[in-house]
Amino acid sequence: MLKLRSLTFSYRADGKHFTLKTCSSAENSRVSVCILSDEERFDVMLSLRTPVEITHLSAEFEYCFDEDMRIFLNGYQSWTESREYSINETMRGIDHIPAPIREKYAFASYGDYRITEYSRKKGCMHGFSYGYVRNRDDVYDLIASLGEDDGFTVIKTDTAAGTITAEKDCAGYIAEKSYRGLSLYIGKGTEDEVFDRYFELLGIPAPDADRIWGYTSWYRHYQNISKNVIAEDLKGFEGCENAMDVFQIDDGYQTAVGDWLSVDKTKFPDPMEVLSGMIKNAGMTPGIWIAPFVCEEKSQLFREKKDWLVCTDDGDPIKCGGNWSGFYALDIYNKEVQVYIAEVFDTAVNKWGFGLLKLDFLYAACIRPPKNKTRGMVMCDAMELLREYSYGAKILGCGVPLASAFGRVDYCRIGADVSLDWDDKPYMQLMHRERPSTKNTVLNTVFRRQLNGRAFISDPDVFLLRDDDTTMTRRQRQLLCEVNALCGGVLFTSDDNAEYGEWQQSMIGEMKRLQNAKIISAGLYNGTLILTIELDGRVITRVYDHGQSNNTSK
Ligand code: 9PG
């Protein structure tokens with residue numbers, strides 16, 4: 001159990017500001033703070049005599065860091081860079097990006113840049129919902145929230161000061177009578193021990209979905225899809241030995257993001273059920289991409305339904321990112337919005353016949369919580385809504401704060417988009433932590449591997465084996481394949497299957513073999529990724545240096 005240094009609770013009531021700092025349960029005439037802790041739990045319950053606006057709630061614990069330790073702090077959402085850090089590193093936000101660029105693309109909206117501070121002080125790092133410290137003997141100290149549906153939990157380290165702080169993301173929330181402020185599991189043990197216990201305490205049973213192999217149109221055609229393109233892609237799978245479970249049509253079939261029921265007739269002259277029928281005839285489950293909580297500036301929805309949008313106090317819609325023509329969030333508490341989303345899903349599943357929904361850009365739902373909700377509460381409501389309206393189709397969540405997706409989606413993206421190169425262009429490496437980058441997504445796949453098979457089946461994003469239309473070396477593509485097979489459950493590609501040669505086929509064989517391997521240990525040391533795995537009773541160490549790989553067996 002970690003030792004509590006202090007609990008800080010600040011709030012506003014009757015126009016005045018109050019702060020209560022304590023080490024044990026405490027109360028005054030307005031509020032009572034109850035701290036409950038045992039060897040593995042730390043809970044804070046607030047009881048309020050009158051409603052108060054919470055401005056801060058955090059618990060600071062003592063922790064003795066040493067040089068050999070590795071720190072993992074889970075990034076804000078699916079795409080956010082999440083890896084182990086040494087105790088002297090810092091995390092980079094977006095302050096270094098020139099303001100005009102930052103604002104044009106609304107980079108702050110993709111992640112936690114408006115929610116938390118990025119410190120430049122060494123060892124001051126943060127993450128959301130869960131994080132751990134791993135020592136050199138692979139003993140894990142896991143700090144993980146059991147209460148993200150009440151509000152997200154920011155876990156912060158200050159390694160020089162020797163502290164770990166759990167701060168509730170609830171500033172501005174008006175609590176009425178009671179509020180479960182913090183609810184933490186603090187566990188020590190092996191990787192499996194602490195993560196098994198975490199999901200047991202969360203009450204989330206192991207997902208019943210299976211590992212799936214599939215195809216997505218995105219990383220081959222991007223938005224340039226059409227009926228003919230899809231038909232050609234499908235042809236590539238005819239009589240092929242790599243049977244796929246899912247064939248998923250991505251972004252590009254709709255006239256604008258948000259106008260899901262308006263299919264682009266020039267690209268898709270036939271009804272969508274013709275396409276899903278073609279996919280089913282090829283023996284695969286048809287999947288389709290929808291970003292249900294957003295609409296782009298050029299959509300009819302944006303033009304005509306201004307009252308559906310999440311706005312600032314001044315009534316301006318909040319830009320959630322720079323993709324397409326720039327996009328905005330829909331207010332999930334607006335009944336008409338709920339009816340629209342239900343209608344879209346009803347159409348996609350029951351009329352068009354898609355059995356898998358890739359639901360993307362979900363973080364937008366909680367871009368600005370109303371006064372009576374925290375961000376975590378909104379995201380919880382949003383995810384429940386998706387489940388309720390999905391008509392039995394499988395859900396692949398994407399661009400979502402992960403804890404809100406735990407147990408609520410079948411599959412979930414756990415990393416950024418794969419880029420057709422290793423780490424994009426040098427100037428792109430300066431962008432936000434959610435940017436497309438194969439390098440980042442490979443690390444996310446490794447360091448979020450504990451979620452696969454516990455929270456959902458993890459989607460590490462596509463593996464790419466093709467030799468053309470990529471600047472990735474074969475070694476880098478091999479690393480991507482191996483890591484996806486070892487740590488992921490959604491094994492999708494965007495390659496033309498018909499073009500696979502001997503090397504590609506042997507890599508598919510290797511992926512199938514690695515699916516049965518178990519990772520014993522993983523670490524990133526000075527940019528070198530080292531994985532120790534057990535396969536067919538043998539322990540193998542794989543060293544991946546800057547995307548290169550060398551194998552040593554012992
Ligand atoms: C469709 C795509 C694909 C892809 C999704 C998502 O931060 N970014 O700049 C950023 C750009 C694109 C992006 C995600 C993040 O892609 O992950 O698989 O479906 O949308 O538009």
Side-chain angles (χ1 to χ4, degrees), residues 1-63 112 114-117 126 128-130 143-156 158 161 163-186 201-202 310 312-314 331 333 366-382 401 403-404:
M1 191 38 167
L2 301 180
K3 186 168 182 292
L4 178 69
R5 205 176 258 184
S6 67
L7 181 102
T8 309
F9 172 42
S10 305
Y11 57 95
R12 224 192 309 264
D14 296 337
K16 281 190 266 208
H17 201 258
F18 303 90
T19 290
L20 207 141
K21 216 172 167 114
T22 176
C23 271
S24 53
S25 296
E27 67 179 315
N28 62 28
S29 59
R30 267 204 185 81
V31 301
S32 117
V33 177
C34 179
I35 302 177
L36 295 165
S37 67
D38 62 23
E39 356 25 274
E40 62 168 13
R41 290 287 298 267
F42 181 88
D43 288 80
V44 176
M45 271 306 297
L46 304 177
S47 306
L48 318 152
R49 295 209 169 90
T50 54
V52 301
E53 181 188 336
I54 304 180
T55 53
H56 179 93
L57 180 70
S58 69
E60 186 181 271
F61 301 94
E62 287 174 14
Y63 193 86
D112 59 1
R114 276 193 290 257
I115 309 172
T116 45
E117 221 179 291
H126 71 269
F128 282 73
S129 312
Y130 77 99
I143 300 192
S145 171
L146 303 169
E148 295 303 83
D149 292 347
D150 302 318
F152 296 141
T153 307
V154 188
I155 298 165
K156 298 179 172 178
D158 184 340
T163 59
I164 295 179
T165 303
E167 183 177 327
K168 200 73 181 170
D169 169 38
C170 60
Y173 169 62
I174 298 181
E176 296 282 336
K177 281 201 181 82
S178 63
Y179 181 58
R180 186 165 71 148
L182 286 166
S183 184
L184 303 173
Y185 160 57
I186 303 178
L201 288 171
L202 279 173
V310 177
T312 61
D313 281 341
D314 297 333
D331 174 8
Y333 296 110
C366 68
I367 200 77
R368 187 185 197 239
K371 275 281 175 198
N372 61 343
K373 303 261 182 191
T374 63
R375 233 178 300 275
M377 289 175 183
V378 178
M379 210 56 234
C380 162
D381 293 339
S404 311

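Worth saying up front: this structure is predicted, and the values here are computed from it rather than measured.
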Inset, instruction - Please check if any side-chain donor atom of Thr153 sits under 3.5 Å from a side-chain acceptor atom of Glu148, or the reverse. - result: yes
Legend entry - Nearest heavy atoms of Leu182 and Ser58, plus distance in Å: CD1-C, 4.4 Å
Legend entry - Min side-chain heavy-atom separation Ser10-Thr8 under 4.5 Å: yes
Legend entry - Shortest non-hydrogen contact from Ser6 toward Lys21: OG-CE, 3.9 Å
Legend entry - Residue pair Lys168 / Tyr179, side-chain heavy-atom distance below 4.5 Å: yes
Legend entry - Heavy-atom closest contact (Met45 atom, Ser178 atom, distance): CE-CB, 4.2 Å
Inset, instruction - Give, for atom CG of Leu202 and atom CG of Asp149, the distance between the pair rounded to the nearest 0.5 Å. - result: 9.0 Å
Legend entry - Arg30 with Asp14: basic N within carboxylate O range, under 4.0 Å: yes
Legend entry - Minimal non-hydrogen separation, Phe18 against Ala13, with atom names: CE1-O, 3.7 Å
Inset, instruction - Check whether any side-chain heavy atom of Phe9 sits under 4.5 Å from a side-chain heavy atom of Thr19, and report yes or no. - result: no
Legend entry - His17 versus Thr55, closest heavy-atom pair with distance: NE2-OG1, 3.1 Å
Inset, instruction - Inspect the contact between Asp381 and Lys373 and indicate whether a charged nitrogen and a carboxylate oxygen are less than 4.0 angstrom apart. - result: yes
Inset, instruction - Could you check His126 against Asp112 for side-chain contact (heavy atoms from CB on, under 4.5 Å), going step by step and ending with a plain yes or no? - result: CA-CA 10 Å; His126 71 269; Asp112 59 1; 2.7 Å; yes
Legend entry - Side chain proximity check, Thr374 to Asp150, heavy atoms < 4.5 angstrom: no
Inset, instruction - Output yes when Asp313 and Arg368 qualify as a salt bridge under the 4.0 Å nitrogen-oxygen rule, no when they do not. - result: yes
Legend entry - Test item: Ile367 and Arg114 side chains (from C-beta on) under 4.5 Å apart, heavy atoms: yes
Legend entry - Any side-chain heavy-atom pair of Tyr173 and Pro369 under 4.5 Å: no
Inset, instruction - Could you check Ile155 against Phe128 for side-chain contact (heavy atoms from CB on, under 4.5 Å), going step by step and ending with a plain yes or no? - result: CA-CA 6 Å; Ile155 298 165; Phe128 282 73; over 6 Å; no
Inset, instruction - Could you tell me whether the side chain of Val52 reaches within less than 4.5 Å of the side chain of Ile174, counting heavy atoms only? - result: no
Legend entry - Pair Tyr130 and Tyr185, ring centroids less than 6.0 Å apart: no
Legend entry - Close side-chain approach of Ile54 to Leu46, heavy-atom, < 4.5 Å: yes
Inset, instruction - Check Ser24 against Thr22 and note the closest heavy-atom contact, atom names and distance. - result: O-OG1, 2.5 Å
Legend entry - Centroid-centroid distance, Phe61 to Tyr63, less than 6.0 Å: no
Legend entry - Spacing of Thr163 atom OG1 and Lys156 atom NZ [to the nearest 0.5 Å]: 10.5 Å
Inset, instruction - Calculate, to the nearest 0.5 Å, the distance between atoms OG1 and CG belonging to Thr116 and Asp169 respectively. - result: 8.5 Å
Inset, instruction - Show your reasoning for whether side-chain contact (heavy atoms from CB on, under 4.5 Å) applies to Glu40 and Ile186. - result: CA-CA 5 Å; Glu40 62 168 13; Ile186 303 178; over 6 Å; no
Inset, instruction - Indicate yes or no: does Arg41 engage Asp43 in a salt bridge with an N to O separation below 4.0 Å. - result: yes
Inset, instruction - Enter the distance from Leu7:CG to Cys23:SG here, rounded to the nearest 0.5 Å. - result: 8.5 Å
Inset, instruction - Report the distance from atom OG of Ser404 to atom CZ of Arg375, rounding to the nearest 0.5 Å. - result: 11.5 Å
Inset, instruction - Give a yes or no on this: more than 12 heavy atoms of other residues, nucleotides or ligands lie within 6.0 Å of atom CD of Glu117. - result: no
Legend entry - Carboxylate-amine/guanidinium contact Glu27 Arg49, below 4.0 Å: yes
Inset, instruction - Mind checking the CD1-OG1 spacing from Ile143 to Thr165? Nearest 0.5 Å is all I need. - result: 9.0 Å
